[in-house]
Each structure stands twice: as structure tokens, then as C-alpha cells.
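What follows is a short report on a single structure.
Basis for what follows: all heavy atoms, side chains included, without hydrogens, waters or symmetry-related copies. Protein chains get the first letters and strands the later ones, always in sequence-line order, with residue 1 at the start of each.
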Amino acid sequence: MTDIKVILLDGSKIELSKGATLFDAACKISPRLGKEAIAGIVNGAKKDLDYVLEDDDHIEILTFSSSDGKEIYHHSTSHIMAQAVKELFPEAKLAIGPAIKDGFYYDFDIERSFTPEDMVIIEQKMKEIIERDLPFKKIEVNKEEAKKIFKDKEEKYKLELLEDIQDEKVTLYQQGDFMDLCRGPHVPSTGKIKAFKLLSVAGAYWRGNEKNKMLQRIYGISFDKKSELENYLRLVEEAKRRDHRKLGRDLELFSMHDEGVGFPFFHPKGMVLRNILENYWREEHQKSGYTEVKTPIILNKSLWMKSGHWDHYKENMYFTKIDEEDYAIKPMNCPGGILIYKCSLHSYRELPLRMAELGLVHRHELSGVLHGLFRVRCFTQDDAHIFMTPDQIGEEIKGVIDLTDRLYKTFGFSYHVELSTKPENAMGSDEIWEKATKSLEEALIEKEIKYIVNEGEGAFYGPKIDFHLKDCIGRSWQCGTIQLDFIMPEKFDLFYINKTGDKERPVMLHRTILGSIERFIGILIENYAGAFPVWLSPVQVKLLPIADRHIDYGKNIMKELKKHSIRAELDEINEKIGAKVRKAELEKVPYMLIFGDKETEEDLVSVRKRGEGDLGKIKLTRFIEDILKEIKEKTL
RNA sequence: GCCGAUGUAGCUCAGCUGGCAGAGCAGCUGAUUUGUAAUCAGCAGGUCAUCCGUUCGAAUCGGAUCAUCGGCUCCA
């Protein structure tokens, strides 16, 4: 018997007897890998573990720890779920069941709608199937044979899928009595799945097209260890605990009302937070050479025709009439900013002109997508429009990148960058787009920032760089965006006077950093779980007298704190100190000052820090110094 | 917008097969004067989302509307 050699990922080779499978290779590398192996990659193609290797094959063994491995694992779990559903509800028709970023789903066409109780039964059945430890068998057949099989099974969606497959040969996977059209690969047997959970059921259109039939989609997730599933479920719980919609109400920051769906109401404490945020934003923009403007919310239709919004953005806009004339409520700030630019003649010496605007825009979002402060119908963009000469593009983009970096770091966020290119409904020529896209790319390369490219995801007037920031539990949020625009200056006939006294066309750059103030506040709430750093806290200090006779002392402290613009509240409620402390902790106030007979005699306060406890007695003046330092430095 | 679930006091929730609307927390009043995450007692609080219907009788059953939540991008 001759041996074969296969080449591993690191270039090393191992010897195997002829006829050896991927699984044999995994075992040979290490018994542990053999145990953990899910599937493998042979010469770049994903294969099942029972794939027979040949001499000089390049192989890689996949385990759950790789994203490819996870995907296969999730996909196999979706097949098990489909089998369970078919066993319980034979009338259900199978659509598709892929792995997704965070788990898997399977779409079914079935008359009844799945209930939470059904989920429990399906999970039960899945456990049974896993216990049966059925092998996943790969079957290769001709397309015609496959058609016959699924015709007999009356699986019309599978037949439809078959129609779209070009290859003559297709693969089927079978475990037990369950057979599915599938490219594979799969885990060797159902017993491989160690921990799973069905998460939710939702409607979804066949092939994502609303003209097609609505199917029922069941979502789930699986892991190769019970503890990892528990971790995942804990993270879901943690996200729920941080939900800004609940915290926003509990901490009296904002509210939502039926009378204005998608239009958030900011309460006094929410406004404190908002004003701090906006003031900080203004300071940083002034430092970076921006001026600030404010443009009207309602503007004449003619402006929106000219800007292209009428043609490209109408579905998302609100309209009104004034004196029989059509007006639109602005969905973006740029046309207003352009009118300001056009008010005067500009010299090349003025450029770049950086015009910032905290602009309130309204957009008609579908009712089903509204979500707290994250997805609303009116929001304040921290917008800016930079008018510049073409040779200033690079520097300006880099300037915006720097400012963005500074702002995000202040809140403790890390981030990643994505570049979006020309979309289908774009205005302007390919050359202009190419030039604009290249400028953005060059700035990123020069700044040594890694980025992902999203083809066709740009705005209709230009390509863009998006900043996605990452919160403390690992979720990412799209906030900042830089969009280069050669088209608006053209449409509005913008110009500046160059050195030689001739008119020249400026380039425009649209950008936001926080994105939407409302949304950013939502992100801050979730990131800090409502426990804001001192500089952002609506109430920074809570004054807690031990007994009623110490209230006057508290009022004096209050006066002192006010002198330094420290935001404090005095708790005058007739309660034991434990209850007052509890209340302040639940309100997530960063500092509590507690004072009774001992403190009043010596001008002291007992300091308690949120989440940490008693820090001991110090002079009030000392406390003020310390907290002012913390506020000034924006300590996290 | 579409599919599904949900909607009872400010909040969290109970209320069975139709028969007088309930609790805890929060609020108010009083007692207590408290030493680092809940003192005790009393009071008040409701168009059971809205409308229409079935019924002797509807929070409960049916329909419509509104809102909220989850999903509708991931393609064998």
C-alpha cells in the first residue's frame, strides 16, 4: 500500500495511507483536532470530513473556532431543525436554511403560524435527532434525478432553486429520512451539535421579494460547548439590560408618544446630556476651524428639484404647502448650506470653508423599522459642509478623519472604516465617481487606516467613508460618514475666484461624526448602561443627609457645588440612609455625598462612588477640586 | 409598508372555561430621625390601547384601527 502526502496550512507535510480521509488527517495531526474537527478545506474547497484525500492535497481542518467552521456547524443545525419541523409538521414546505453571521435560520411554507410552544416542541425534537446521531450523507445526483426526488416530495421551492442551478450535477445531503438540496459540507453526524437554541420566529418573503409569498422563518444559534451557548444568552441578556429605550425612560432622559411616532421627546435630564454633547462638539469644531450655521427646516420645492432630492429621495421626504406653493421638510442639510455659500462671492483665499450645522432633518422611515432613538423620523445631524479647491481634498479628508478619531476616543469607542462606491441610482459620470472614490481611498491609505469596501453602497451624489464604532459589549454602530461631492457644486453653479481672477468650481464634502445626535445619545446610553462618566451625567452628585436636621448643611453644600456648575440634587426624603443610597445607585448618579452629625461638625462629606461604595470622609473643598478635575479631563 | 406576537395604574406584572378591576414598586399623608442598595402604617391611583360587534352580561369572545416589540440584508 502506497502512502500519500498532504500539505498543511503552515506548509508542513504529513503522510497518510492511501484512501485516508480528511478525518484521518485531522486525527493524525492531533487526536484532539480529530475530536474537534467539523469539516475541512481541500485545495481551497470546503469538504466533508469523509472526503478521500489525494497525494499533494493542500488541506486545512476546520473546527468551531474558525468562522468557516462555525458556518458549517450552524448550517448543519439548520438542517436538523428542518428535519424536526418536517417530522412534526409534514405539510411544511422547505425553502432555504443558510447559516448567517450569528447563527442560522430556515424558511418554511406552512399554513399555521409557529407559536412559542411550537418552538419548545421543535427544540425537543431536535434534541432527539441529535441523540440519534444520524450521519450526514452526501449524495451526488444529476439535476434531473434531483428534480424527480423533490417533485415526489412536493418540495416546490427546492424545484425552483434547482431551476437556477447551472451545473449538471447537484448534491443532496441526507440524515435519517430527511433529505435536502445542499452544497454542503456538513458536520459528520447530528450528534456533533452540542448546544443550540431557537431564538425567534418571523415572517420573511421567499427570496426576499415582497411580491412573493410570505414564509415563516425560524432563527436559531448553536455552539460546540454548552458554556458558550450560556455565554451567548448572557450577552443577549446584557444587551437587554442596556436597552436605551428602557434606560431612557427609567433615567428620565427621553420619551416616545403615539402622538408623534418616531419623533423623540427630550426631558430635562436628557437635555442636559444633549447640551453637554453639543457644546463639546462645538468646542472641538471651533478648534478645527469650522464656523457654524443654521438653515431652515422647510424649504421650497424648487430647491429640492435642483438638488436632485426630488428625483432621488422623494419617498423619504415630507411635504407641505405654503400659500399654494409646494414645500418640503428637509431630509438633508446640504441644499440650505449651499444657499449660504451662494450669498457672497468667494475668493480662493477663503477656502477651505468649513461650515458646520446641527441640522434637524425629517425622513419618512417605514413604520416597521422605527426603533427607540436608533431609528427615528426626525433627528439632528452633526453635519458640516466643506467647500474647497480640488487640491485641498486630501488634506480636508484627513482633517475630518483626525477630528472623528479625537471625538470617538473621548467616549472610549474604537471603530472601523468602510468605503462605499457608486450606487445604481447615482448622478454624475463614471470619471467623476472614480476620481472622488480615489481621493477617499488615498486619504485612508495615507492615514494607514484599514477599510472594507462596499460596492454600490454610496450616496446618489458621491462615494463615502463610513465610521462604525464599537461599543463595550462588542456591537458596532455606523455613525460618522464622509461624502465627497462633485455634483452639487455643478448643479448649483457654485464657484470661487482663483488667483488669476477666474471663476472656478469648488468641491464639496459632506460629513457627520456623531451621525445623529439622538442616535448617538442612544449609543452612549447603551455603551455606559446608563452609568455615564461624570462629565456627561445629568446629575453628577447626590446629597444624602443622614437625618432631617442635616438638610440645611446639605443646602449649603448645594450652594457651593452650584458655584462651580456642578450638577447636584439634594435628597430631602424622610428615609433611612440605606434607602437614599439605593435610590441614588439606581439613578446611576456617579457620586453620593453623605453627611450626618460627624460631618457637619468638621465641614466634611463622606464620599460614596457609584458601583464602588464608601471612599471615606474628606473636606468639601477637596471633593470639589477632585470632581472638577474629573469633569475637565472627561475621565471615563 | 409586510408577517408574527403583544397592549390592564407612572413602572413591572396577575386576572382561569365571559359574572363587582388586583398586587408589588413609584406617588401622596402620617409616624419614625435613621450611618452607605428598600422603616412602618394609611390614602390615592383605571375609558382594561381605540372603535364596532356577539351576549342578559366583555379586560376576557370576534372584527377593524392605532401603537409597541421581533423579523423582513444574509439565498441550495
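Using N1 to N3 plus N6-O4 or O6-N4 for Watson-Crick, or N1-O2 and O6-N3 for G-U wobble, each under 3.5 Å, B/A41 pairs with B/U29. Nucleotide B/U54 forms no Watson-Crick or G-U wobble pair with any nucleotide shown, as no partner meets the under 3.5 Å limit on both distances. B/G1 and B/C72 make up a base pair, with Watson-Crick or G-U wobble contacts both under 3.5 Å. Of the nucleotides present, none pairs with B/U60 by Watson-Crick or G-U wobble criteria with both distances under 3.5 Å. If you check B/A67 for Watson-Crick or wobble pairing at under 3.5 angstrom, you find it paired to B/U6.
Ring geometry, A/H79 versus A/Y173: the interplanar angle exceeds 60°, so the pair is classed perpendicular (tilted spans 30 to 60°). In this structure, A/H257 and A/F265 have perpendicular ring planes: the angle between them is above 60°, well past the 30° mark. Note on ring orientation: taking the six-membered ring where Trp is involved, the planes of A/Y591 and A/F623 are perpendicular (angle over 60°, cut-offs 30° and 60°).
Regarding A/R582, its CZ atom lies at a distance of 5 Å from the C1' atom of B/A38, rounded to whole Å. What separates CG of A/L251 from C1' of B/C11 is a distance of 13 Å, to the nearest Å. In this entry the distance linking CG of A/L615 with P of B/U36 reads 15 Å, nearest Å. The nearest whole Å value for the distance from the OH atom in A/Y105 to the P atom in B/C72 is 9 Å. As rounded to whole Å, 17 Å separates atom C1' of B/U68 from atom CZ of A/F374. The CD-P distance, from A/E572 to B/C28, rounds to 12 Å in whole Å. Atom-to-atom, CD1 of A/I618 to P of B/U36 comes out at 19 Å; the value is rounded to the nearest Å. Atom OH of A/Y219 and atom C1' of B/C3 are 12 Å apart (whole Å).
The nucleotide whose nearest atom lies closest to any side-chain atom of A/R207 is, among B/U33, B/U36, B/C75, B/C75. Closest contact between the side chain of A/D614 and the listed nucleotides B/A76, B/U36, B/C72 involves B/U36. Taking only side-chain atoms of A/D258, from C-beta outward, the nucleotide of B/G35, B/G70, B/A67 with the closest atom is B/A67. Considering only the side chain of A/P98, B/C75 comes nearest among B/A37, B/C75, B/U33. Looking at the side chain of A/R217, the nearest of the listed nucleotides B/U36, B/G70, B/C72 is B/C72. Listed nucleotides B/G1, B/A67, B/G27 differ in distance to A/V261; the shortest reach to its side chain belongs to B/A67. In the set B/U39, B/C74, B/C2, the nucleotide with an atom closest to the side chain of A/I100 is B/C74. Relative to the side chain of A/K598, the nucleotides B/U36, B/G35, B/G1 differ in distance, and B/G35 lies closest. Listed nucleotides: B/G1, B/A38, B/U33. Nearest to the side chain of A/Y205: B/G1. Comparing atom distances between the A/M214 side chain and each of B/A76, B/C3, B/A37 picks out B/C3 as nearest.
Residue contacts shown for A/I577 are limited to sugar-phosphate atoms, with no base heavy atom under 4.0 Å away. Nucleic acid contact for A/D597: base, since at least one base atom lies under 4.0 Å from a heavy atom of the residue. A/K580 comes within 4.0 angstrom of nothing in the nucleic acid, heavy atoms only. Contact annotation for A/I165: base contact, defined as any heavy-atom pair under 4.0 Å involving a base atom. A/G613 comes within contact range of no nucleotide atom at all, as no heavy-atom separation falls under 4.0 Å.
The residues A/K197 and A/E123 are annotated as salt-bridged, a charged nitrogen and a carboxylate oxygen being separated by less than 4.0 angstrom. A/K464 and A/E457 are not joined by a salt bridge, as no carboxylate oxygen comes within less than 4.0 angstrom of a charged side-chain nitrogen.
Judged by closest nucleotide on RNA chain B, A/A202 is the one of A/L161 and A/A202 placed further toward the 5' end. Ranked by how close their nearest RNA chain B nucleotide is to the 5' end, A/E575 and A/L215 are led by A/L215.
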Q: Check step by step if side chain to side chain contact (heavy atoms under 4.5 Å, CB included) holds for A/E585 and A/R610.
A: CA-CA 6 Å; A/E585 287 278 354; A/R610 170 187 64 201; 4.0 Å; yes

Q: In sequence, state the C-alpha distance, the side-chain angles, and the governing distance for A/I521 and A/L253, and then conclude on side chain to side chain contact (heavy atoms under 4.5 Å, CB included).
A: CA-CA 10 Å; A/I521 287 172; A/L253 301 174; 5.7 Å; no

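For the P atoms, the distance from B/G42 to B/A26 is 15 Å, rounded to whole Å. Comparing the P positions of B/G22 and B/G15 gives a spacing of 15 Å, expressed to the nearest Å. Taking atom C1' on both B/C43 and B/G57, the two are 32 Å apart, rounded to the nearest angstrom. Taking the P atoms as reference points, B/U8 lies 9 Å from B/C13, given to the whole Å. If you take atom C1' in B/A49 and the same atom in B/A58, they sit 16 Å apart, rounded to whole Å. Between B/C48 and B/A14, the distance separating the two C1' atoms is 13 Å to the nearest Å.
Contact annotation: A/S200 does not reach the phosphate of B/G71 (side-chain N/O to OP1 or OP2, under 4.0 Å). In this structure, A/R249 does not reach the B/C11 phosphate: none of its side-chain N or O atoms is under 4.0 Å from OP1 or OP2. A close approach under 4.0 Å does occur between a side-chain nitrogen or oxygen of A/H371 and OP1 or OP2 of B/G70. Remark: A/R245 is in phosphate contact with B/G70, judged by side-chain N or O atoms under 4.0 Å from OP1 or OP2.
Interface remark: the A/E599 side chain does form a donor-acceptor pair with the B/G35 base, using a distance-only criterion of under 3.5 Å.
Side-chain polar atoms of A/D180 and A/Y106 form a donor-acceptor pair below 3.5 angstrom. Under 3.5 Å, the side chains of A/D224 and A/Y73 contain no donor-acceptor pair of N or O atoms.
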